[in-house]
There are 2 protein chains.
Amino acid sequence: MDFEEFLRKKGLKVTNQRLAIMKVLENSGSMLTATEIFERVKEIFPGVNFSTIYRNIELMKKKGILCTVARGERIPSYGLRVEEEHHHHFVCKGCGKSLVIEYCPMNFMGEEVKKKGFLPVEHEFVVYGFCRDCEGSGLKK
Amino acid sequence: MDFEEFLRKKGLKVTNQRLAIMKVLENSGSMLTATEIFERVKEIFPGVNFSTIYRNIELMKKKGILCTVARGERIPSYGLRVEEEHHHHFVCKGCGKSLVIEYCPMNFMGEEVKKKGFLPVEHEFVVYGFCRDCEGSGLKK
DNA sequence: ACTTGAAATGCAAATAATTTGCATTTAGGA
DNA sequence: TCCTAAATGCAAATTATTTGCATTTCAAGT
């Protein structure tokens with residue numbers, strides 16, 4: 001993907017720090033915490049400051065460039081939003097990699113939504129488990 | 001619900017602090033952050049310490065007494081697990097109340113799970129929006 | 001009721017995560 | 001090239017979370 005063009009299209013200035021964040025997330029293929037992103041960005045761009053990371057994570061999330069996964073884990077993780085379309089994630093507890101889930105539960109909930117009188121605005125669906133590579137190996141705890 | 005009996009059944013000692021946590025969550029009907037829980041527990045049990053709250057949240061989560069909701073919000077919120085059965089939540093962006101969702105997407109994902117070779121262990125599904133009471137009122141931003 | 005060990009708590013202090021104000025720099029349009 | 005809003009770095013303030021240890025309390029078995 002052409003990150004520069006992508007940023008411009010979203011109305012964000014192209015900076016090395018932003019490119020580094022996206023590169024880090026792309027290479028990782030996993031969801032990373034803010035701290036993990038910071039550490040890896042520092043390797044390719046030593047001068048970065050943590051506040052830049054935080055500010056950009058928020059911004060890029062708002063622009064739909066990043067997606068979030070959080071949970072009992074307390075600290076949320078972020079990933080590059082690879083697909084244009086709405087989607088959800090498998091997250092591997094072994095290697096941390098995430099796969100796209102195409103199934104979206106909201107498409108099948110009309111009835112219950114109506115019954116409860118609830119107006120859905122956004123939703124989150126994440127499945128944690130083990131990917132093909134990790135399932136066999138001793139990675140399960 | 002009889003909290004005392006409930007704690008015993010889970011193999012946890014009955015303490016005022018724990019009862020207070022459960023009472024607070026029951027009265028609220030919403031998902032609360034650790035800090036919110038702490039503040040409200042302090043009102044009915046002034047002596048509590050924050051570390052007691054944290055330790056109990058972890059423990060009660062592990063025992064299935066509490067459920068978690070998290071997200072871009074960074075800080076997770078906890079709620080009393082009212083239903084015995086597995087379930088998910090609607091969370092109202094207006095008043096914070098949460099309703100039980102009966103629909104569970106995992107029941108309908110067999111095919112995609114198989115195709116991707118993923119072994120699901122746990123999952124999270126949360127729908128954010130507005131409940132019947134908040135939908136009309138000016139609470140939407 | 002009394003004893004006892006394990007579990008739970010409070011306290012204080014350490015650590016980690018997140019946010020903010022402000023001065024400076026920089027991207028990108030005019 | 002010039003200019004302005006946006007982005008950054010820095011440092012310091014907040015806020016959240018964890019931990020070790022001494023003390024207290026629960027509840028099981030007398």
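Chain letters run A, B, ... following the sequence lines, proteins first, then strands; residues in each count from 1. Please read all numbers here as calculations on a predicted model, not as lab measurements.
- Within the 4.5 Å cutoff, the side chain of A:Val14 has heavy atoms near those of the A:Arg8 side chain.
- Regarding contacts with the backbone of C:dG10, a side-chain N or O of B:Gln17 is found under 4.0 angstrom from either OP1 or OP2.
- Nearest-nucleotide positions on DNA chain D for B:Val14 and B:Asn49 put B:Asn49 closer to the 5' end.
- Side-chain contact between B:Ile57 and B:Thr68 is absent, with no heavy atoms from C-beta onward closer than 4.5 Å.
- The side chain of B:Tyr54 contributes an N or O atom lying less than 4.0 Å from OP1 or OP2 of D:dT17.
- Distance CD1 (A:Ile57) to P (D:dA7): 15 Å, rounded to an integer number of Å.
- In this structure, the nucleotide among D:dA16, C:dT18, D:dG9 sitting nearest to the side chain of B:Thr35 is D:dA16.
- C:dT18 atom C1' lies 10 Å from atom CD of A:Glu58, rounded to whole Å.
- Although no hydrogens or angles enter the test, the distance criterion places a donor-acceptor pair under 3.5 Å between the side chain of A:Arg18 and the main chain of A:Lys13.
- If you check C:dA17, C:dC22, D:dA27 against the side chain of A:Arg55, the one that comes closest is C:dC22.
- Remark: P of D:dC10 and CD1 of A:Ile53 are 13 Å apart, rounded to the nearest angstrom.
- Within the 4.0 Å cut-off from OP1 or OP2 of C:dT26, not a single side-chain nitrogen or oxygen of A:Asn16 is found.
- In the set D:dA16, C:dA27, C:dG10, C:dA27 carries the atom at the smallest distance from any side-chain atom of A:Lys13.
- Separating the CG atom of A:Leu12 from the P atom of D:dA5 is a distance of 18 Å, rounded to the nearest angstrom.
- A salt bridge links B:Glu112 with B:Lys116: the closest approach of a Lys/Arg side-chain nitrogen to an acidic carboxylate oxygen falls below 4.0 angstrom.
- Two residues are said to be in side-chain contact when any heavy atoms from C-beta on lie closer than 4.5 Å; B:Arg81 and B:Ile65 fail this criterion.
- In this structure, CZ of A:Arg74 is placed 12 Å from P of D:dA16, rounded to the nearest angstrom.
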Q: Please step through side chain to side chain contact (heavy atoms under 4.5 Å, CB included) for the pair B:Glu102 and B:Glu85, ending with a clear verdict.
A: CA-CA 9 Å; B:Glu102 278 127 35; B:Glu85 322 84 54; over 6 Å; no
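- Taking atom CG on A:Asn56 and atom C1' on D:dG9, their separation rounds to 13 Å, with Å as the unit.
- Between A:Met22 and A:Met60 the shortest side-chain heavy-atom distance falls below 4.5 Å.
- Note on the helix from C:dA1-D:dT30 to C:dA30-D:dT1: terminal axis deviation equals 40°, with five pairs used at each end and the result rounded to 10°.
- Separating the CZ atom of B:Phe45 from the C1' atom of C:dA8 is a distance of 11 Å, rounded to the nearest angstrom.
- Looking at the side chain of B:Arg18, the nearest of the listed nucleotides C:dT18, C:dA8, D:dA7 is C:dA8.
- Counting non-hydrogen atoms under 4.0 angstrom, B:Ser51 reaches a base of the nucleic acid.
- Of the two residues contacting DNA chain C, namely B:Thr15 and A:Arg8, the nearest-nucleotide position lying further toward the 5' end is that of B:Thr15.
- Between the CG atom of A:Leu19 and the C1' atom of D:dT8 there is a distance of 14 Å, rounded to whole Å.
- A salt bridge links A:Lys61 to A:Glu58: at least one charged side-chain nitrogen sits closer than 4.0 Å to a carboxylate oxygen.
- Here B:Phe38 lies out of heavy-atom contact (under 4.0 Å) with every strand.
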